[in-house]
Each structure stands twice: as structure tokens, then as C-alpha cells.
Amino acid sequence: MTKYQPSQFEKKWIETWDKNKIYQSSENDYKEKMYVLDMFPYPSGAGLHVGHPRGYTATDILSRYYRMNNYSVLHPMGWDAFGLPAENAAVKAKKNPMDMVPLNIANFKRQMKMLGFSYDWSREFSTTDPSYYKWTQWLFIQFFKMGLLYKKNTPINYCPKCKTGLAEEEVLANGTHERCGNKIEKKDLPQWLFRITAYADRLLKDLDGLKWPKGILEMQRNWIGRKEGIDITYQIVDNPSSSDFFRSSGFPPDKSGFPSLSCRQAGRKKTDDPSINVSKSTLGEITCFTTRPDTNFGATFIVIALEHPFVASLLNSKIKCQMSKLKKISDYVEKTKTKSQMERESEGRKKTGVFTGFYAVNNLNGRLLPIWISDFVLSGFGTGAVVGVPGHDLRDFEFAKEYDIPIIRVVVGADKDSSDIKQKEQVQEEEGTMINSDFLNGMDIHVAIIKIMDYLEEKGWGKRKVTYHLRDWIFSRQRYWGEPIPMVFCEKCAKNQSQISKVKSQIYNLKIKVSDEVIQSNAGWFPIPEDQLPLELPYVKSYEPGESGESPLAGIDTFVKTTCPNCGGPAKRETDTMPNWAGSCWYFLHFALQNANPKSKTLKPKQTSINNLQHSKQNNLEFNNSDLIRIWDLKFGVSIKKWLPVDWYFGGAEHAVLHLLYSRFWVKALQDLGLLDFPEPFLRLQNVGMVLAEDHHKMSKSLGNVINPDDVVSEYGADSLRMYEMFMAPFSQEIAWSTKTLQGVYRFLSRVWKMYQEYKTLNPKPQILKNETNKKLISKLNKTIKKVTSDILEIKFNTAIASMMEFLNAWEEAIQRHSGTTSDCPESDSGVTLFPRMTKCLSVDNAKKFLKILAPFAPFITEEIWNTVFGETESIHLSNWPEVGEIEEDKEIIIPVQVNGKMRGTIVISSSATKEEVEKKALSSEKIKQYIGGKNYTVIYVSGKILNFVVR
RNA sequence: GCCCGGGUGGUGAAAUGGCAUACACGCAAGACUUAAAAUCUUGUGACGCAAGUCGUGAGGGUCCGACUCCCUCCCCGGGCACCA
């Protein structure tokens with residue numbers, strides 16, 4: 001009998017499957033579709049990590065399972081090869097990434113084939129292929145025309161090591177870059193920004209319908225960070241006692257509202273100091289955002305951010321104040337602005353600030369709120385101004401303590417304690433009933449919030465508002481290795497004010513609102529004509545990032561210099577490139593379309609039509625996108641409808657708020673353009689758990705603990721690696737590599753091999769024998785088929801494999817029990833009894849069933865046995881998934897018997913026994929009787945499961 | 001601080017209200033072998049000679065019965081955070 005030696009046949013099957021194209025998807029059948037997708041990898045120079053096959057094996061099992069269940073399966077693979085990692089690796093190796101990437105791809109592909117993944121390689125592409133990024137650029141242009149992109153000089157996160165700007169999502173909580181771990185700096189650079197915030201509400205709402213891991217959904221919700229609150233506007237006054245506003249407001253001056261004596265003195269100086277004599281109208285107002293307007297009766301001060309316009313007004317003397325105050329203010333602002341995040345943290349976030357000398361009036365009670373400036377208020381959130389309620393907000397409390405702002409009033413009293421707060425521990429932020437709050441008194445805070453919002457809006461003092469944590473997406477990278485942004489800037493057109501209407505005419509008139517600010521900031525920017533796509537990334541000698549904060553492309557004259565698509569004069573191309581996320585935002589669409597119409601591969605978008613459209617309708621703001629849809633449909637329409645959206649999507653949890661948010665955004669935007677008819681790209685998401693090294697650390701070259709899949713396959717075969725990675729632990733859980741467990745799986749496959757070798761001479765006479773052992777084993781087989789089927793669909797591969805192991809154990813045991821007996825065995829022509837062991841157990845038909853359920857997990861060994869043992873000529877992977885046959889219930893069952901809920905023994909009884917019979921049988925046991933001790937009892941019997949005597 | 005996920009033998013882990021530890025690893029003993037490897041067989045939660053007692057991070061609760069449901073707390077992993 002031959003030994004299980006995977007290296008002897010795995011290669012053969014890779015070639016055969018390839019040659020026969022058995023995994024190619026087809027649009028041209030009427031079967032139900034199933035789109036099973038992996039997050040496509042960045043092809044690094046190191047080749048596949050053993051972590052990669054974990055996800056890929058899972059999608060492979062699903063794809064094979066669905067194929068065997070008569071689905072039309074789309075299971076593609078491609079390469080996410082643009083971006084920082086590839087470029088940094090290339091810089092290090094002193095090779096052009098354009099030369100390195102194809103080599104890496106070839107190696108990745110070899111390894112994936114080696115592992116037997118059933119990808120449809122006819123759809124393979126790389127994000128770096130000009131034929132692909134042509135469309136990435138085309139989409140950029142469509143988004144520009146939707147008014148979703150704007151160019152703005154903005155303080156951004158800048159990685160000094162990678163020498164590029166980054167999106168908020170790429171900065172980790174500790175202020176480092178998620179790729180390289182370097183500290184992020186703030187830098188002012190002109191950037192393309194994507195208006196993802198325009199989709200915040202839909203991105204949030206549509207999460208509800210997705211079958212995604214709870215954790216990822218929560219992370220996206222938190223990242224979007226929707227908060228309902230109200231903007232409350234406060235009048236600014238300079239002098240508490242003499243303000244016109246104050247008199248006209250009808251509120252008597254509340255003495256307790258005067259924060260300190262010194263302030264009052266400052267007010268009295270009014271007549272001597274003309275700078276203070278400013279009328280109410282020029283002082284203006286301050287708007288504060290709050291989610292807790294219910295506490296507004298307890299407000300005692302206002303704090304504004306350094307960047308707040310009021311601060312600027314003070315500093316540039318639009319609003320005059322005392323010189324001494326002004327000095328203090330400018331000193332504070334200067335000092336604080338240069339403070340780094342690190343310094344702030346090392347100070348333990350101690351509150352700092354400076355008083356402006358001005359006050360705001362709380363309309364609710366006429367109280368004067370001194371206006372302070374502090375860096376704990378963020379300019380980027382809400383209105384950059386907060387109203388301080390030290391009684392109910394810890395930060396406000398700390399600030400009030402720091403600067404002796406008196407009167408810490410309690411307005412929510414859960415325990416009816418209305419005394420003022422002295423200590424930080426007394427600050428109570430949530431739940432309770434209103435006190436000291438006029439007409440809100442006695443209400444629960446949730447009721448009070450609604451009441452006060454209604455009141456403020458009615459009076460015109462406030463307006464309900466929704467804010468988000470989500471920021472617009474910074475889309476420019478000052479690096480070489482990315483899709484060139486297909487935009488041209490013309491200085492002449494930018495200066496021309498009539499240009500604004502031209503910019504407007506570039507915008508599709510869709511439901512997304514485009515503000516004048518966006519239009520203004522895009523003045524002078526034009527997409528390159530679409531017939532010039534792709535705008536190819538030039539092959540260059542020097543592509544290292546520059547020190548100047550400019551992309552290396554900026555140094556290439558031939559790239560930069562172009563003509564303005566609008567006026568025909570000299571203009572400059574954008575030299576920033578797109579982030580690596582761009583290519584991955586829509587690759588799942590491209591997979592779905594590539595084979596639809598072979599001719600479409602060479603089809604160019606109908607440029608003439610769209611260009612004509614642009615010119616003819618330049619002055620017509622009712623731009624419509626029907627021609628655009630025609631272009632898209634020509635290339636993509638039919639097949640996209642067949643395959644999309646993605647049914648199963650597998651990948652690491654690290655993309656929770658990056659790729660998974662960005663691609664959802666693009667799909668929604670494409671839906672608004674009329675190009676897609678679904679709102680969400682990925683219906684089901686599964687997280688792949690990480691694979692750590694045997695020492696529980698991350699695998700890394702420097703630690704020398706890296707396991708190479710090539711080595712594993714050459715020693716144990718691809719099937720063992722696949723099975724092992726599925727068997728180790730629940731799928732989304734992290735695992736540490738264990739060669740010992742891998743050997744256990746290899747042992748299992750060896751036993752499978754051995755078992756089927758015994759069938760070799762049995763063929764072609766399928767035996768269906770009927771005896772007790774046989775029936776029990778067939779029943780067990782059917783249970784196993786049932787279990788494996790449901791476990792695959794629930795992504796519980798570990799228990800699916802365990803149940804197959806259990807079955808093999810039972811099968812071997814059954815054979816063991818019958819070896820030696822020869823009755824019921826067929827005889828050969830010469831009268832010799834054949835296969836005494838096998839015929840007692842499973843017929844060929846049933847043996848094939850087991851092989852089939854193992855096939856998605858271990859495609860090589862099953863195909864080899866299918867072919868060499870059973871002589872099948874068509875692949876096992878094209879066969880039908882076995883039906884679950886008859887599962888015969890045991891005639892006798894074991895019932896555990898409890899007394900007062902404690903296990904005291906078991907009884908064996910007929911499965912049809914009644915409660916009374918079970919009870920009687922249990923009582924016949926001396927042991928049980930002893931525990932009952934002759935006392936009164938009641939009986940709980942769960943049919944077929946358990947019997948419990950409850951003794952009082 | 002807030003939000004997720006988790007805590008079960010020597011190890012990876014099963015069990016979602018009904019015999020806790022399936023399956024696998026490891027370990028021990030045995031068979032085969034000159035020997036080793038491989039393979040196979042048996043045993044293996046803890047304490048105890050045994051009867052038995054205890055046992056799923058800790059404590060409480062619901063229930064005839066809790067790894068499973070509820071409450072309080074501890075620990076580990078991940079995410080967010082001066083977000084008003």
C-alpha cells in the first residue's frame with residue numbers, strides 16, 4: 001500500500017485544474033450567484049505569510065462548497081500594489097517599484113496556486129495596471145464633477161518619515177502613523193479632500209442592514225460619531241453693569257453672576273478707556289454646541305478654542321480691548337499653539353487658559369458668563385466654543401477650579417442634594433432629575449433636554465444641530481507610487497472671477513449639495529480630458545520623496561507642464577498622487593465585470609460624447625449624467641448586475657475604519673451617480689484572526705520566528721497547512737503557530753489516505769450491505785454531513801474538521817471490530833473472499849460522500865483518491881455536495897439522572913419510554929434510591945435528555 | 001473614562017439552559033523493532049487508597065438544573081478619547 005505523500009500529486013492537480021479551467025466563473029448560466037471575496041493583498045517582497053492562507057482557505061472552502069451546491073461562484077484574486085509599503089520597500093532595495101511589483105506578484109501567485117486556492121485567475125489584475133487605474137482616475141473625475149472633491153490648504157497629519165500627508169484614519173491613537181509607527185506632525189499643505197462627511201448619515205444608517213461582526217459595526221459607528229445637540233448663541237458684552245443689552249433683556253443684574261471683583265473693576269474703567277466702549281453689535285456673539293442643554297442653568301463660563309474667530313478679532317484689533325489683556329492673550333495663544341501633542345500629554349492635560357475680559361449673556365437667566373480661551377476646546381469639533389457647566393462636566397470642573405471661577409451649581413440632582421460641588425468626585429455627568437433650573441425643575445434630564453431645546457429654538461436663541469466625529473478624507477499623497485491625480489491647474493482661469501460659473505458647470509446636478517466654498521476652492525482646477533486617460537505614472541530614475549513636501553513628480557517638467565483644458569493656455573498638472581486606498585475602493589466592482597463581455601476589455605469610453613456634453617452644456621447647470629451611465633454600462637453594466645454586491649467578504653479587522661469605510665463611501669457615491677443600483681458593497685463580513693509565531697509574538701524577520709508556507713507545504717503538503725489553519729481555533733480568533741498540531745492534522749490525512757487505499761481493488765463493485773454496524777456508521781456519516789454543512793455556513797471550520805475526525809475514528813473502530821470475520825463478503829471469481837474489512841462498514845457510495853465533504857478543506861488528497869481509487873475522471877470539485885441521508889435514532893438511549901440537580905447516575909432505556917417508565921427505571925437503582933432517602937419528591941423529565949428528582 | 005471582544009484541563013479548544021472538557025496536541029504505559037523514528041493500543045480535570053468531594057476569572061441572583069441568562073467586581077486583548 002502506498003504511503004500518503006502529498007508532494008507526489010499536488011503539483012499534478014494544480015496543472016490539471018489550471019488546464020481545465022474548472023474554477024472559471026461564468027455569467028452565462030442561470031444558477032444563483034455567490035460572490036466570495038478576500039481582501040486582496042499587497043504583494044510584498046517577502047511572499048505569503050502563513051497568516052494569509054487562513055483567510056484564503058476559508059473563502060476557498062466556501063467557494064468550493066457553493067460550487068458543489070450548484071451556485072455560480074465568483075472567487076477572484078488581484079493585487080493592491082500601489083502605496084507606501086511597496087514604495088518604501090523599493091526605496092530600501094534601490095529598485096523602481098514598477099520593476100519590483102511584477103516579481104512580487106508572480107511569487108504570490110505561485111504560492112496561492114501551490115495552496116490549491118480555486119481563484120478564477122482570468123480576472124486577475126493589479127491596481128497598478130494602467131488599464132485599471134485609468135478607471136480609478138475616471139472615477140476621481142466623476143467624483144470631482146459631483147462636487148465631492150475640493151482642494152484646500154489645510155493643516156494635516158504629516159509623517160516626516162514617509163514624507164507625506166495622511167488621512168485621520170491612518171493616524172493611530174498614540175499619534176503615530178499606522179504603517180511605519182513614526183510620530184505624526186501637523187503641517188500646512190494644499191490637499192485634495194474628499195467630502196465623505198456629506199455621506200456621514202447614510203454611512204451610519206446603512207450599517208444596520210449589514211451582517212458584519214458587531215465590533216466592526218461599533219467601530220464604524222464610533223468613528224462616524226454622530227451626536228445630536230444644539231447650537232446656542234450668546235451675545236457678547238464687555239461690561240456687566242452698563243450694557244445696553246443687559247438693560248433691555250429685562251433681567252435684573254444677578255450679583256452672583258459677577259465672576260470676580262477684578263472683572264467688575266475692569267468694567268468700571270469704561271469711561272477712562274475708550275477701547276472698552278464698544279457697542280454690542282460689533283462685539284457680536286458666540287455660538288456653543290452642546291449635547292446637554294438641560295444643564296444650561298448651571299452654566300458659569302464660556303471657553304473658546306485658540307482658532308476661534310473671536311480670538312482673531314481680538315488679536316487683529318477688530319475688537320478693542322485693554323493692552324495688558326491683549327498681551328496676555330497673544331502670549332497664551334502663541335505659547336500654546338507651538339505646544340506639541342506630546343508636551344500636552346506630559347503635562348497631564350492640566351487645564352490652561354486666559355480670560356478675554358469679555359462676557360456672554362445666558363439668555364435663560366441673565367447670568368454673565370466670562371469668556372475664556374483654552375486649548376482644551378478643539379477648533380475642529382462643534383463650533384470651537386463650549387459653555388462651561390462645572391457642576392456636570394469633569395473638564396469644565398477642572399477648568400473652573402484652576403481659575404477660581406466661582407459658583408459651581410448643581411442643576412441635576414439624582415440624590416436631591418443641591419449643595420454646591422467642591423470636589424471632582426461630586427461631578428455627576430449622567431442621569432437624574434432637574435433642580436435649580438426654573439421651568440425644568442423636577443423633570444428627568446432626557447425630558448428636560450427636549451423641553452429646553454424646544455424652548456431655545458422657539459426663542460431664537462438656539463438651533464438643533466447634528467455633529468460628527470468623521471472628517472473629510474485627505475486624499476493627496478506627496479509620493480511617487482500611486483495613481484496620478486488627473487487634474488490640471490490653470491492660474492489664469494483661477495484669477496478670472498467669471499470662472500466660478502465655469503466651475504459650477506463642471507458639477508453634476510445631483511442630490512449632493514455643493515457649497516460655494518467648495519466651488520470657490522476649486523477655481524482654476526479642471527479634470528484632464530477623459531480621452532487622455534490613463535494619465536500614466538512616468539517611469540523615473542529618482543522617485544524618493546522630496547524634503548519640500550512636494551511629490552517627486554513635481555520635479556518632472558514634462559509631467560507638470562500641460563495646457564489648460566478650459567482656456568488652452570499654459571497650465572500645471574497636479575503632482576500629488578492618490579492614497580493606496582483609492583485602488584481598493586472599487587476593485588471588487590472590477591472583478592465583477594472583467595469577463596462579462598470580452599470585447600469590453602478593449603473598449604474605450606465614448607469620449608466624444610462626454611466631451612461634447614461638457615462643452616455644449618457648459619452654461620447649463622442642469623447637467624445630467626445619462627451619458628455617463630451609458631459609458632459605464634457599456635463596460636460594466638451587465639456583469640455587475642449579475643455578481644454584485646459581494647456576498648462574503650473576508651479580511652483582517654485592521655481595516656475597520658479605513659478600507660471598509662472608504663469603499664462603502666465610494667459605492668454610495670456611485671449609486672448617486674446612477675452607476676450602481678445598490679447602497680452597500682459587502683453584505684457579510686468575516687474577520688480573519690491573526691496568526692502569531694509559536695512564541696506568541698508577531699512573526700518578524702528580526703525575531704527569527706517567521707514560518708514560511710513554502711517550507712510547510714514541502715514537508716506536509718498544502719492540504720495539511722489548510723486543514724491546520726482551519727482546525728486550530730475559531731476562525732476569527734488569533735492563533736499561535738503550532739507545528740505539533742499541524743502534525744496531528746497530517747496524521748489525520750494519512751489515516752484518510754490509508755482508509756481509502758483499502759477500497760482500491762473494490763471498484764467497480766459498490767457494496768451496499770445491511771447489518772447493524774453498517775447502519776450505525778451510515779447514520780453517523782449522515783450526522784457528519786449535516787454538521788459539516790451547517791458549520792461551513794456558520795464559518796465554524798474548526799468544529800467541522802473535528803466532526804470529520806470523529807467520523808474517521810468511528811469508521812476505523814467499526815473496521816477494527818469486524819476484522820477477521822468474513823461472512824457477508826463478496827467472493828471473487830476464483831472463490832476467494834474479498835475485502836473482509838471494508839465491506840462490513842461503508843459502501844463505495846458512502847465512502848465517496850465522506851470524501852466529498854472533505855474536498856473543500858483538502859482539495860488535493862480528495863481529488864487524488866477520487867481519481868486513483870474510484871477511477872473518476874471528472875474532478876471531485878465539480879461533483880455534487882452529498883444529501884444528508886437517513887439518520888437512525890438509537891433504539892436505546894442513555895438518560896442522566898439527577899437528584900436535586902446533581903448528577904447521580906445514568907440509566908439505559910428505550911428511546912420511546914414514557915416519563916413514568918424512565919422514573920421507574922431510575923428508582924430501581926439502589927444508588928438513586930439512597931440519594932432520595934425515602935423523602936417526598938417531584939420529578940422533572942425532559943424527554944430524552946434528563947431526569948431530575950427534586951427532593952424537599 | 002467610554003465602546004467592543006475574551007477568561008473552561010499541562011496546551012489549542014468543544015459545549016448557548018440538560019452527563020463540563022468533544023476533537024486535537026502533550027504526557028504516561030504497552031505492542032511492533034536489535035534499536036530509534038513512524039505506526040498502533042490503553043490511560044490521562046484536581047484531590048483522594050476508596051466511597052466520594054471539588055471544579056468553567058471572583059462574588060451574588062434567577063431556575064428543578066447555569067460555562068451558558070441577570071447584577072456587581074477583577075484580569076487580558078482591541079478600538080475611541082480634553083468630542084462639549
Side-chain angles (χ1 to χ4, degrees), chain A residues 3 172-173 213-223 225-227 229-230 232 288-293 295 302-303 305 344-345 348-352 374-378 380-389 392-396 398-399 429-430 467-469 653-654 656-657 687 690 723-724 727-730 732-745 747-748 750-751 754 796 798-809 812 816 894-906 927 937-952:
Chain A
K3 224 184 125 203
L172 300 180
K214 229 169 123 190
I216 303 284
L217 291 173
E218 271 316 295
M219 277 164 74
Q220 289 221 353
R221 284 192 187 107
N222 289 340
W223 189 260
R226 184 181 201 272
K227 288 210 169 94
I230 187 164
I232 304 176
C288 299
F289 176 76
T290 178
T291 54
R292 293 293 305 277
T295 63
I302 275 175
V303 193
R344 267 166 228 204
E345 264 158 41
R349 288 180 168 166
K350 189 172 173 293
K351 299 282 179 290
T352 60
S374 172
D375 66 345
F376 88 85
V377 174
L378 310 173
F381 187 83
T383 57
V386 299
V387 52
V389 185
H392 299 283
D393 183 284
L394 208 54
R395 292 153 308 186
D396 294 351
E398 283 167 3
F399 191 78
E429 303 199 33
E430 275 155 34
T467 62
Y468 299 91
H469 170 257
E654 67 273 14
V657 291
N687 285 139
M690 271 213 298
M723 294 274 288
Y724 161 69
F727 177 62
M728 260 306 263
S732 54
Q733 196 170 303
E734 190 175 272
I735 57 172
W737 187 262
S738 157
T739 301
K740 287 283 183 194
T741 307
L742 175 77
Q743 284 165 347
V745 170
R747 227 168 276 163
F748 167 72
S750 302
R751 280 160 56 206
K754 210 168 118 192
K796 283 158 71 176
N798 56 331
T799 49
I801 292 172
S803 74
M804 289 190 277
M805 287 173 165
E806 255 184 275
F807 177 74
L808 184 67
N809 289 347
E812 285 177 342
Q816 200 67 37
I894 299 165
I895 306 244
V897 182
Q898 298 183 333
V899 179
N900 285 341
K902 281 196 197 277
M903 262 293 298
R904 295 302 182 190
T906 55
K927 202 168 140 193
Y937 60 82
T938 50
V939 178
I940 308 257
Y941 177 59
V942 182
S943 181
K945 288 243 169 108
I946 202 152
L947 179 72
N948 191 6
F949 292 99
V950 184
V951 180
R952 259 157 286 181

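In what follows, chains are A, B, ... by sequence order, proteins preceding strands, each numbered from 1.
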Provide the distance between the two P atoms, one in B:G5 and one in B:G52, to the nearest whole Å. 42 Å
Hey, could you give me the OG1/CZ distance between A:T467 and A:F381, rounded to the nearest 0.5 Å? 3.5 Å
Using the P atom in both, what is the distance from B:C27 to B:U34, to the nearest Å? 25 Å
For nucleotides 2-7 of chain B, read 5' to 3', which letter fits each nucleotide if B means a protein heavy atom sits under 4.0 Å from the base, S means only the sugar-phosphate is that close, and - means neither? -SSS--
Using the C1' atom as the reference point in each nucleotide, state the distance between B:C63 and B:G18 in Å, no decimals. 12 Å
Over all atoms of both residues, closest heavy-atom pair of A:D396 and A:V389: OD2-N, 2.8 Å
Could you please name the option among B:G26, B:A84, B:C80 that lies closest to any side-chain atom of A:W223? B:C80
What does A:T290 touch in the nucleic acid at a heavy-atom separation under 4.0 angstrom: a base, only the sugar-phosphate, or nothing? sugar-phosphate
Whole-Å P distance, B:A20 and B:C2: 38 Å
Does A:V950 reach a base, just sugar-phosphate, or nothing at all? Heavy atoms under 4.0 Å. sugar-phosphate
Report, as a single string ordered 5' to 3', how protein heavy atoms within less than 4.0 Å touch nucleotides 11-20 of chain B: B base, S sugar-phosphate only, - not at all. -BSSS--BBS
Applying a 4.0 Å non-hydrogen cut-off, can you work out what A:V897 is touching in the nucleic acid: base, sugar-phosphate, or nothing? nothing
Taking for A:L378 and for A:I801 the nucleotide of RNA chain B with the nearest heavy atom, the one nearer the 5' end belongs to A:I801
Using the 3.5 Å cut-off, write out each protein N or O paired with an N or O of nucleotides 39-43 of chain B and the distance between them.
residue: B:U39; atom: OP1; partner: A:R747; partner atom: NE; Å: 3.3

Test item: A:I232 and A:V387 side chains (from C-beta on) under 4.5 Å apart, heavy atoms: no
What's touching nucleotides 50-57 of chain B from the protein side, N or O pairs under 3.5 Å?
residue: B:U53; atom: OP2; partner: A:R904; partner atom: NH1; Å: 3.4

Any side-chain heavy atom of A:Y937 sitting closer than 4.5 Å to one from A:V899? no
In what stems does RNA chain B take part, counting only runs of at least 3 consecutive Watson-Crick or G-U pairs whose two distances fall under 3.5 Å? B:1-7 with B:74-80, B:10-12 with B:23-25, B:26-31 with B:39-44, B:45-47 with B:52-54, B:57-61 with B:69-73
Check whether any side-chain heavy atom of A:R751 sits under 4.5 Å from a side-chain heavy atom of A:N809, and report yes or no. yes
Establish, with yes or no, whether the OP1 or OP2 oxygen of B:A84 is under 4.0 angstrom from a side-chain nitrogen or oxygen of A:K227. yes
Taking atom C1' in both B:A13 and B:U8, what distance in whole Å separates the two? 9 Å
For a quick test of reading the model: is some side-chain N or O of A:H392 closer than 4.0 Å to OP1 or OP2 of B:A84? no
Hey, are the side chains of A:F289 and A:I230 touching, using non-hydrogen atoms and a 4.5 Å cut-off? no
How would you label the contact of A:G744 with the nucleic acid (heavy atoms, under 4.0 Å): base, sugar-phosphate, or nothing? sugar-phosphate
Please state the P separation for the pair B:U33 and B:A28 - nearest whole angstrom. 23 Å
Nearest whole Å is fine: how far is B:A22 P from A:F748 CZ? 18 Å
Report yes if some heavy atom in the side chain of A:N900 is under 4.5 Å from a heavy atom in the side chain of A:V950; otherwise report no. yes
Counterpart residues, side-chain hydrogen bond (donor to acceptor under 3.5 Å, both in side chains), relative to A:E734 (two or more places apart): none
